[in-house]
Amino acid sequence: MKGFDSLILAAVLWLPALPPLHAQDLDAGRPQIENALRAAERGDYRAQDFPAVASHPLNGWVEFADLSRNVNTLSRARGEAFLKRYAGQAVAERFRDHWLAALARRQEWPAFLAAWQPNDDAGLRCAWLNARQATGHLDDAWTADAQAVWTSSGKSLPNACDPVFALLASRGGLGPELRWQRIDLAAEAGQTGVMRHIARDLRSADEALANDYAAFIDAPHARALDWPKTERSRQMAMYGLMRQGRRDPDLAERQLPAYANALDMSAAQRGQVQYQIALWTVASYLPDSARRLDEVPDAAYDERLHEWQVREAMARGDWRNALRALRRMPAAQRDDSRWRYFEARLAEKTGEAAEARRLYALAARASTFHGFLAADTLGLPYALCPWEPDDTAAAKAAIARDPAIVRAMELWKLERSGWAVQEWKSAMARFDDTQRRLAVEVAQDNAWFDRAVFYLGQNPDEYRLYSLRFPLHHDAAIRREAARHALDPAWVAAEIRAESVFNSRARSPADARGLMQVLPSTGAATAKKLGRAWGGAGSLYDADTNIALGTAYLREVLDKYGLPYVAIGAYNAGPTPTARWLSQRPNYDADFWIETVSYKETREYIARVLAFSVIYDWRLNGDALPLSERMQGRIDAPRKAFACPSA
């Protein structure tokens with residue numbers, strides 16, 4: 001063995017560790033580790049009751065759970081011993097934050113300083129400053145560090161910072177200039193309460209002005225017309241009018257001229273207000289959208305507003321102005337396959353047939369939703385250049401044996417996903433591209449599929465790792481339930497990839513659960529319609545149950561809307577916005593309808609699921625139903641091949 005493989009093995013072998021456990025040993029010991037963790041969290045853990053823990057890779061996490069429960073009374077010796085014993089491991093860094101917070105509450109400042117490592121948490125940074133002050137380290141460096149925390153955010157800072165700032169002020173380190181600096185940050189962040197709080201320590205005239213600034217940001221008022229004509233006043237007027245533009249674009253447009261003239265606002269400041277007025281007008285396709293977009297100065301345009309100008313003209317069927325707006329985009333944005341496709345589409349509609357074909361051909365080189373549509377237009381095979389790296393089994397095995405990866409996989413299997421992610425990140429911080437890719441393979445072998453989504457794509461070739469980026473799990477259930485409900489299994493797989501990345505334990509903030517992110521209420525209603533016993537919300541974490549109910553519901557949505565691309569939008573956004581979009585643009589071509597959906601999340605979700613359907617068709621069958629046919633629900637059309645375009 002030589003080269004990369006031997007380097008990995010050497011790196012693993014030097015790490016201090018107990019003798020490695022085989023996979024079967026880990027499997028056998030998992031129930032005891034799970035019970036030990038639960039006991040530790042309950043507060044009745046005794047090491048002698050769990051003999052397997054001492055030699056298990058997760059022994060540190062069991063000890064962490066045990067110590068964390070009583071961290072407020074934990075002795076300094078035990079806390080420091082834990083940090084030393086697990087130095088360099090994710091569990092030590094997780095514990096360190098708990099330990100530092102406990103030591104700060106206990107005001108055990110020497111112990112705090114002994115455990116301290118640089119930290120981005122503002123509360124802990126202020127505790128660090130308190131510790132330095134309490135131990136006699138009050139110097140110029142302390143002042144500079146305290147001032148850095150003060151100016152780190154316009155948002156409210158933790159209570160631990162109050163004594164720091166009081167001491168800083170008493171030492172003359174928090175003068176009016178720094179107070180105004182933080183008021184400016186708070187104004188930019190829209191934190192008017194913070195502005196008022198800071199203003200209390202300014203002299204009375206400045207306090208009154210700062211409070212008036214805050215009041216204007218909350219609701220523009222006529223007093224601002226008499227503000228001093230300073231750059232700060234102009235910025236405050238801009239922030240207030242920008243917020244007004246988001247709430248009430250019509251009112252903001254009426255108010256802008258008076259304040260701009262009274263305070264001599266710059267063209268850039270006016271432009272930022274006009275930007276918000278236009279954006280929040282066009283995002284709902286309100287009247288005057290086109291005019292307001294045209295009035296935004298070129299310097300204030302960004303990618304988002306360029307997109308909305310194209311979208312707004314499309315929504316009105318104004319193809320020439322849509323094309324004109326698209327050609328205003330920066331070259332890098334315009335060269336994306338989406339906008340190449342739409343430039344071709346719009347050129348075709350406005351009589352530029354030759355240019356349209358050229359642009360379609362460029363777009364068709366991309367393995368994306370719009371690239372696939374362009375290929376359909378020209379009758380080309382779909383572009384796909386899969387990469388299957390020629391890694392050795394030994395190289396992958398070495399990564400699988402990396403202690404942090406072992407711990408991450410075990411924690412994942414024990415449904416301790418937060419801890420698993422910390423171990424994963426610890427490994428990623430020292431892995432190179434090849435090691436990272438192999439780690440994703442190991443994660444996939446352990447049914448942790450979203451690692452490919454979050455950790456591949458750091459270099460362009462990684463987008464070609466389709467077998468990793470588009471996992472295929474539970475395929476027998478997908479095929480069975482898709483056939484039962486007369487759905488394309490590639491579509492069902494694509495929905496699962498978009499909803500949960502094949503994480504059967506996924507749960508959304510809205511309480512959607514499992515592979516297809518089914519709400520408990522939807523699951524219960526669907527089970528009733530199917531005459532199927534309902535096992536409660538927890539049953540949605542069972543893969544077969546979730547696929548059965550999710551696929552039945554998808555069929556129900558498709559029956560309601562008739563067209564798959566509309567059904568996909570409704571699956572994501574719900575019936576009310578879908579009905580609005582259909583009424584606003586009835587009989588629109590599918591590609592234009594999707595692009596003019598007003599919700600960014602849903603607009604991108606529809607395109608993503610449809611593109612994923614093509615790739616999963618390739619994974620399942622080696623070829624694919626044409627995307628243009630799939631969008632219309634025509635599933636019996638002649639199928640298409642895939643080919644890698646030549647350089």
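Bear in mind that the values here come from a model prediction, so they are computed numbers and not experimental data. Below, each value reflects all heavy atoms present in this structure, side chains not excepted, and no hydrogens, waters or symmetry copies.
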Between the main-chain N or O of [Y] and the side-chain N or O of [X], is there a donor-acceptor pair closer than 3.5 Å?
| X | Y | value |
| --- | --- | --- |
| Arg634 | Glu629 | no |
| His485 | Leu554 | no |
| Gln333 | Glu303 | yes |
| Ser233 | Lys229 | no |
| Thr526 | Gly523 | no |
| Ser500 | Met516 | no |
| Arg234 | Met265 | no |
| Asp376 | Ser628 | yes |
| Thr602 | Gly569 | no |
| Arg608 | Ala498 | no |

If a pair satisfies salt bridge (Lys or Arg N to Asp or Glu O under 4.0 Å) and one of its residues is in residues 182-192, list it, with sequence neighbours excluded.
Asp184-Arg232

Sequence neighbours excluded, every pair satisfying salt bridge (Lys or Arg N to Asp or Glu O under 4.0 Å) that has a member inside residues 562-590:
Arg345-Asp589

Are more than 12 heavy atoms from other residues, nucleotides or ligands located less than 6.0 Å from atom [atom1] of [X]?
| X | atom1 | value |
| --- | --- | --- |
| Arg357 | CZ | no |
| Asp559 | CG | yes |
| Asp120 | CG | no |
| Arg304 | CZ | no |
| Arg320 | CZ | no |

Taking the side chain as every heavy atom from C-beta outward, state whether [X] and [Y] have any atom pair closer than 4.5 Å.
| X | Y | value |
| --- | --- | --- |
| Arg340 | His370 | no |
| Pro564 | Leu558 | yes |
| Ile606 | Phe369 | no |
| Arg179 | Trp150 | yes |

Is a side-chain donor-acceptor pair under 3.5 Å present for Gln269 with Glu231?
yes

Tell me yes or no: between the side chains of Glu499 and Tyr571, is some donor less than 3.5 Å from an acceptor?
no

Smallest heavy-atom separation, Leu202 atom then Ala210 atom, equals CD1-CB, 4.3 Å

Qualifying ring pair (Phe, Tyr, Trp, His ring centres under 6.0 Å) pairs, either residue in residues 590-610, two or more places apart
Trp319-Phe592, Phe342-Phe592, Tyr565-Trp593, Trp581-Tyr599

Should the pair [X]-[Y] be classified as a salt bridge under the 4.0 Å nitrogen-to-oxygen rule?
| X | Y | result |
| --- | --- | --- |
| Glu352 | Arg327 | yes |
| Asp461 | Arg464 | yes |
| Glu312 | Arg292 | no |

Of all residues at least two apart in sequence or in a different chain, which pass the ring-ring contact (aromatic ring centres under 6.0 Å, His included) check with Trp308?
Tyr285

Set of side-chain contact (heavy atoms from CB on, under 4.5 Å) partners for [X], sequence neighbours left out:
| X | result |
| --- | --- |
| Gln458 | Arg436, Tyr455, Glu462 |
| Asn321 | Ala313, Asp318, Arg324 |
| Arg358 | Glu355, Leu362 |
| Ala624 | Tyr382, Val614, Asp617, Phe642 |

So disulfide (SG to SG under 2.5 Å) across residues 215-288, not counting sequence neighbours, yields none

Enumerate the disulfide (SG to SG under 2.5 Å) contacts for residues 295-387, please, sequence neighbours excluded, ordered by first and then second residue.
Cys385-Cys644

Honestly, is Arg497 close enough over Tyr616, meaning NZ or CZ under 6.0 Å from the six-membered ring centre and within 45° of the axis?
no

Just to verify, what does Glu177 make a side-chain hydrogen bond (donor to acceptor under 3.5 Å, both in side chains) with, not counting sequence neighbours?
none

Quick one: do Asp623 and Lys640 satisfy side chain to side chain contact (heavy atoms under 4.5 Å, CB included)? Show the steps, please.
CA-CA 6 Å; Asp623 55 12; Lys640 292 190 66 164; over 6 Å; no

Tyr466 vs Trp618 aromatic rings, parallel, tilted or perpendicular, using cut-offs 30° and 60°?
perpendicular

Residues at least two apart in sequence or cross-chain that pass salt bridge (charged side-chain N to carboxylate O under 4.0 Å, His left out) with Arg203, listed by chain then number, are Asp206

Between Tyr213 and Thr192, is the side chain to side chain donor-acceptor pair (under 3.5 Å) condition met? List the steps.
CA-CA 9 Å; Tyr213 286 154; Thr192 55; over 6 Å; no

